[in-house]
Amino acid sequence: MNTIEPILISHTIEAVKELYQGEIQASQINITATRKEFDGDFTLMIFPLVKISKKTPEQTAEEIGAYLLKHVEAIENYNIIKGFLNLKLQNAFWANFLSAIVTKENHGQLANTGKKIILEYTGPNSNKPLHLGHVRNMLLGYSLSNLLSAAGNDVTRLNIYNDRGIAICKSMYAWQTQAHGLTPDTAKEKGDHFVGKYYALYSKLEKEESEAKGIKPEETDIAKACKKMLLDWEAGDEQLIRLWKEMNQWVYDAHQVTFDSIGISFDKVYYESENYLLGKQMVLDGLAKGVYYKRADGAVCVDLTADGLDEKVLLRPDGTSIYLTQDIGVAHQRYEDYHPDRSLYVVGNEQDYHFKVLKLCLQKLGEPYADGVEHISYGLVELPNGRLKSREGNIVDADDLIQGVLEIAAERTKEQGKVDSLSATELQKLYRTIGLGALKYFILKVAAAKRIVFNPEESIDFQGNTGPFIQYTHARICSILRKKEAAPIANNTYEFNELEKELLSLLYHLPHAIKAAADAMDPAIVANNMYELAKTYSKYYSAYKILNAEDESTIQNRINLSKAVANAIKFSLNILSIDAPERM
RNA sequence: GUUCUCUUAGCUCAGCUGGAUAGAGCAACUGCCUUCUAAGCAGUAGGUCAAAGGUUCGAAUCCUUUAGGGAACGCCA
């Protein structure tokens, strides 16, 4: 698709050269869509040119405007308000634009950048169910992967399981001593909830023993038994490993059900158990190279005081690895596997410090990929009574949350009574589409950096700036298109009205919005841009007749415009991993 | 203590690299379904963009300081 801005910019540069014998950089020329309360399609800021022209903004605008009108064919006329030069394009420009996109399902998809990006998100523990915090992470990560892909990158989606360590041993210990051989199957319980229950049971038992004996939690027999279990695991105790694998598998299978239910996926899953030894080796290599050092007590450390951070331990005095060490190993393995240009981690902002440290550690090791390591930080989800903390039982379970929105969606849809002709299976699918649409949009419309306070008492909205409203707009358009199809028009001379021009302008700027969202790493920009489009279309829908318009040309143009809007909505919804229903 | 981050209408949020009179939704109040799906549309009301300085032709946006919320600075992950 050919865009008009580069043409306007290059002619403005020439105008400045010819009229004022001055030089101006393309980057200094500011062209935006004209705000809807003014007449025009594109606006050129005149202020930056005034220094060169040495004339008043109005006079400069007049001269540049006259020059552009004369040299750029697509411009029909111009008007000047203060230092703003509003350019109005010929109808033919918009008619051609509409014809170009009406049959394109993927208008908004950017050209291939040739860049390979790997993106990690979710990162669950293998001993607990997923909660609301994971939901935001999954949705952000997955839609970010779609967004980066729409921006022309080759994206690979990764997940990593924190599948080893003391926490896992706690649930294993509790299961071994309390479950009497019960399994998720025999207990008829989802595997992650089943295992999570034993993890919680451990905490209860430890607390009871600690209080009964008046000793610290870590001094209890149960804590000691658990610690021994971790050592046995690291030593490769066969029986224990078998149990570990079995219990982890219960959780993996269960998590997969949740991933499928919410509609997200991964291309590859990493396991910390398979990479922590590599990290350890890399740290030892760094020690040999002299980029790390050994402290008096034997711990291997890195000195980051020159970078404004502290001294960080990489290996404990007893030689065992820590979280950071594992991440160093995983980072290396990811690079070995994919050789990406950029290696991204979607992780909450509570780990900002950790990722700064990780990047510095990799840079000090001289790893070639270190500069491409980026932390995509986002705000955490909180409840009205404070932070989500599974340890304190202050959680919203992911499966419950999804179930809840599905029920509300079913209820609302039944109230509306518009889709009674659908089969039971189709209805179930529609409830899921709408319920998940509401949930996903609710979370993704908020800028990633901001924290979200989620009140489970207040149900998620289905009206206004919501997923269902946007889905509804799509369904309405589909209803029209079922009655008459879109088709490009040759030699189109239709005069677009104000609202139609507004819609065309929004569609024209869709690729810019995708670019901006990908640069900012924020799907919220896509969501808000899409809302603007849906809102404007709704206004249009009620203000003008489409199928019943006065003449055939008007009807076909309006159908084509509607089709292009539906395409753009569907494309944008897809980025947010929200389905676009054809009726609701 | 140090660093990071957030603060825009009663509530939840937009406002992209500084640009025109700061916009939506929810909640409240008025209207609009015998005409393409009313999960909609139109309207009323609601603002010292946390505060003060600074840079600029121009600041919600950039800089400094202050206040308030959150987080991190673990040999937890």
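The chains referred to below are lettered A, B, ... by the order of the sequence lines, with proteins before strands, and numbering in each begins at 1.
Under 3.5 Å, the side chain of A/Asp297 and the base of B/C75 form at least one donor-acceptor pair of N or O atoms. A donor-acceptor contact under 3.5 Å is not formed by the side chain of A/Ser542 with the base of B/A38.
As rounded to whole Å, 13 Å separates atom C1' of B/U17 from atom CD of A/Gln28. Atom CZ of A/Phe469 is separated from atom P of B/C13 by 20 Å (rounded to the nearest Å).
The backbone N or O of A/Cys361 lies less than 3.5 Å from no partner atom in the side chain of A/Lys312, so there is not a single donor-acceptor pair.
One side chain, A/His512 or A/Glu5, offers a donor N or O that lies under 3.5 Å from an acceptor on the other. Side chains of A/Asp522 and A/Tyr378: no donor on one and acceptor on the other come within 3.5 Å. A/Tyr20 and A/Glu63 share a donor-acceptor pair across their side chains, judged by distance under 3.5 Å alone.
Judged by Watson-Crick or G-U wobble contacts below 3.5 Å, the nucleotide B/A72 has B/U2 as its partner.
Within 4.0 Å (heavy atoms only), A/Lys535 reaches sugar-phosphate atoms of the nucleic acid but no base atom. A/Lys545 comes within 4.0 angstrom of a base, heavy atoms only. A/Asp307 comes within 4.0 angstrom of no nucleic acid atom, judged by non-hydrogen atoms across all strands. Note on A/Tyr472: a base of the nucleic acid sits closer than 4.0 angstrom, heavy atoms only.
Of the candidate nucleotides B/A24, B/G69, B/C75, B/C75 has the atom lying nearest to any side-chain atom of A/Arg295. Among the nucleotides B/U37, B/A77, B/A72, the one closest to any side-chain atom of A/Glu350 is B/A72. The side chain of A/Phe38 lies closest to B/A20 when the candidates are B/C75, B/A77, B/A20. Relative to the side chain of A/Gln463, the nucleotides B/U37, B/C26, B/C75 differ in distance, and B/C26 lies closest. Closest to the side chain of A/Met45, out of B/A14, B/G19, B/A38, is B/G19. In this structure, the nucleotide among B/C36, B/U37, B/G19 sitting nearest to the side chain of A/Ala475 is B/U37.
Using a 5.5 Å limit on the distance between ring centres and a 30° limit on the angle between planes, the aromatic ring of A/Tyr541 does not count as stacked on the six-membered base ring of B/G40. In this structure, the aromatic ring of A/Phe47 is not positioned over the six-membered ring of the base of B/G58 within 5.5 Å between centres and 30° between planes.
Annotation: B/C26 and B/G40 have their P atoms spaced 7 Å apart (nearest Å). To the nearest whole angstrom, the two C1' atoms, one in B/G10 and one in B/G46, are 9 Å apart.
Nucleotide B/C41 is shown with an anti base, its glycosidic torsion being more than 90° from 0.
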Stepwise side-chain hydrogen bond (donor to acceptor under 3.5 Å, both in side chains) check, A/Tyr544 with A/Glu500:
CA-CA 10 Å; A/Tyr544 295 96; A/Glu500 287 166 343; over 6 Å; no

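Checked for salt-bridge contact, A/Asp519 and A/Lys515 meet the test: a charged N lies under 4.0 Å from a carboxylate O. A salt bridge is absent between A/Glu502 and A/Lys539: the closest approach of a Lys/Arg side-chain nitrogen to an acidic carboxylate oxygen does not fall below 4.0 angstrom.
Of the residues in residues 546-559 of chain A, A/Ile546, A/Leu547, A/Asn548 come within less than 4.0 Å of RNA chain B through at least one heavy atom, sorted by number.
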